[in-house]
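Residue numbers start at 1 and run along the sequence shown. Predicted model, so just to flag it, every value in this text is computed and none were measured.
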Amino acid sequence: MEKQEFLELFEAATKAAKSAARGDGKSSSPAVSRCVDAMVRLREAPESLACALVIDPKYPQIGKNHVLLMDHKNPLIQSESKILYSLWIRYLYATGRKQSPRSDKGKQSQRRDRVPNQPVVNKKNKNKKKLVEEIMVSTTGDSNRDKVREILQKSLSKVANEVVVEMKEGVVSCDSWSVAASVESAMYEKLGSFEGTQKAKYRSILFNMGDSSNPDLRRKVLIGEISGERLVTMKKEAMASNKIQMEVQKIKDKARDKEVNRVKSMMMFQSDSMIMT
């Protein structure tokens, strides 16, 4: 696949998705089929080509429109766009991790001059990751939505350092940016704007996701055990850490026991009164 074909396919997918959004949005519609077919073909693009175009600032529409595809109301378009997004992210992250074991004379000299145990930072790859993250996930055109996604991603990125070794591999394979975008989309769909009437709910979710004593919640969200749709409907007590939930339960148990004792006392008093009469 060449560059021009890649761009034409992506444009075709975008136009078809917009057409589907204007119509009934049914999965059987021709527009949905055209969009999905174009994205399936985009998966065949060579890794080097996909990496080059996705982060190329000359084509900002790729990142912007891909967010629209992932937020599409049609489940087929949404699902296929997330698969494509995950594939591209894997390509980019893999490119950032690859370091040739061989090097020329200049690089060998740099290694000799480097301070022992000081890590080598590949600025180009680091900037590449940052750019694709900003282009493909953060840019929704709404500063409040972008901020919510950043906060969620920051919380989700903690998980890899919080889980036991046995769970680490499964957690690392999950893309925190993709999950953050998905969760924020669900929040926006159910709660509306951050500055709207549901601002308190937004704050509650963001607080519990970032709470240092609540690693289980963000882990479950990252691995998909708790979806964005479910997270939005959870009560604050259910989102709270295990410690807080136990404390709340103790308070409820204490209140229930107090009420039971009060009722027993009333019944005993009434019984004694009846005997005396």
Side-chain angles (χ1 to χ4, degrees), residues 14 17 21 54-57 59-73 78 81-82 84-86 88-89 92-93 96 126-162 171-172 174-236 238-241 244:
T14 302
V54 166
I55 65 170
D56 194 330
Y59 307 104
Q61 71 272 20
I62 293 179
K64 182 179 179 181
N65 289 333
H66 203 104
V67 171
L68 296 177
L69 291 171
M70 290 196 294
D71 289 344
H72 202 280
K73 64 181 181 180
Q78 191 178 105
S81 65
K82 287 180 179 179
L84 186 60
Y85 167 80
S86 297
W88 288 349
I89 285 293
L92 288 158
Y93 280 13
K126 184 177 180 182
N127 291 336
K128 184 186 289 185
K129 288 183 185 180
K130 184 177 180 182
L131 182 59
V132 73
E133 289 167 353
E134 291 175 350
I135 290 176
M136 295 190 67
V137 182
S138 296
T139 18
T140 64
D142 184 323
S143 59
N144 285 326
R145 292 190 65 185
D146 293 347
K147 188 63 179 176
V148 170
R149 291 188 178 197
E150 290 174 14
I151 294 172
L152 287 169
Q153 190 277 332
K154 186 177 179 180
S155 298
L156 292 167
S157 65
K158 298 177 182 178
V159 178
N161 296 321
E162 295 173 329
V171 166
V172 171
C174 299
D175 176 42
S176 60
W177 278 108
S178 179
V179 176
S182 176
V183 170
E184 185 279 330
S185 295
M187 292 170 69
Y188 184 76
E189 182 178 345
K190 297 290 184 181
L191 306 176
S193 172
F194 177 79
E195 295 294 342
T197 57
Q198 297 293 331
K199 189 171 185 177
K201 181 66 173 179
Y202 265 97
R203 289 185 179 277
S204 176
I205 292 173
L206 295 178
F207 170 79
N208 282 292
M209 282 291 290
D211 185 3
S212 58
S213 64
N214 200 1
D216 282 340
L217 177 65
R218 48 182 167 268
R219 177 183 59 79
K220 290 177 180 178
V221 171
L222 181 64
I223 63 177
E225 189 173 328
I226 295 178
S227 65
E229 290 76 12
R230 181 185 168 195
L231 183 67
V232 174
T233 60
M234 290 173 70
K235 294 182 179 179
K236 59 182 181 180
M239 287 190 289
S241 65
I244 293 178

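- Closest non-hydrogen pair, S157 versus S176, comes out as N-CB, 4.3 Å.
- Of all heavy-atom pairs spanning P215 and S213, the tightest one is CD-C, 3.3 Å.
- Proximity of E150 to Q153: side-chain heavy atoms (C-beta onward) are nowhere separated by under 4.5 Å.
- At least one side-chain heavy atom of M209 sits under 4.5 Å from a side-chain heavy atom of L152.
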From CA spacing to verdict: side chain to side chain contact (heavy atoms under 4.5 Å, CB included), M234, N208: CA-CA 11 Å; M234 290 173 70; N208 282 292; over 6 Å; no
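- The only member of R145, K201, K199 that meets side chain to side chain contact (heavy atoms under 4.5 Å, CB included) when paired with F194 is K199.
- A distance of 9.0 Å separates CD1 of I226 from CG of D216, quoted to the nearest 0.5 Å.
- Residue L217 holds its CG atom at 6.0 Å from CG of L231, rounded to the nearest 0.5 Å.
- Here the OG-NZ distance, from S204 to K235, works out to 12.5 Å after rounding to the nearest 0.5 Å.
- V179 and L222 get closest at one heavy-atom pair: CG2-O, 3.7 Å.
- Taking CD1 of I151 as the start and CZ of R203 as the end, the distance is 9.0 Å to the nearest 0.5 Å.
- From D211, atom CG reaches atom CG of L206 across 12.5 Å, with rounding to the nearest 0.5 Å.
- Taking the side-chain hydrogen bond (donor to acceptor under 3.5 Å, both in side chains) definition, one finds that S182 meets it with K82, sequence neighbours left out.
- Partners of S81 by side-chain contact (heavy atoms from CB on, under 4.5 Å), not counting sequence neighbours, listed by chain and number: M39, H66, L69, M70.
- Judged purely by atom type and a 3.5 angstrom limit, N214 uses its side chain to pair as donor or acceptor with the backbone of M239.
- Considering CG of L156 and CZ of R149, their distance stands at 12.5 Å, rounded to 0.5 Å.
- Under a 3.5 Å cut-off, the side chain of K158 and the backbone N or O of G210 do form a donor-acceptor pair.
- The side chain to side chain donor-acceptor pair (under 3.5 Å) pairs that include a residue from residues 217-227 are E162-R218, where partners are two or more places apart or lie in different chains.
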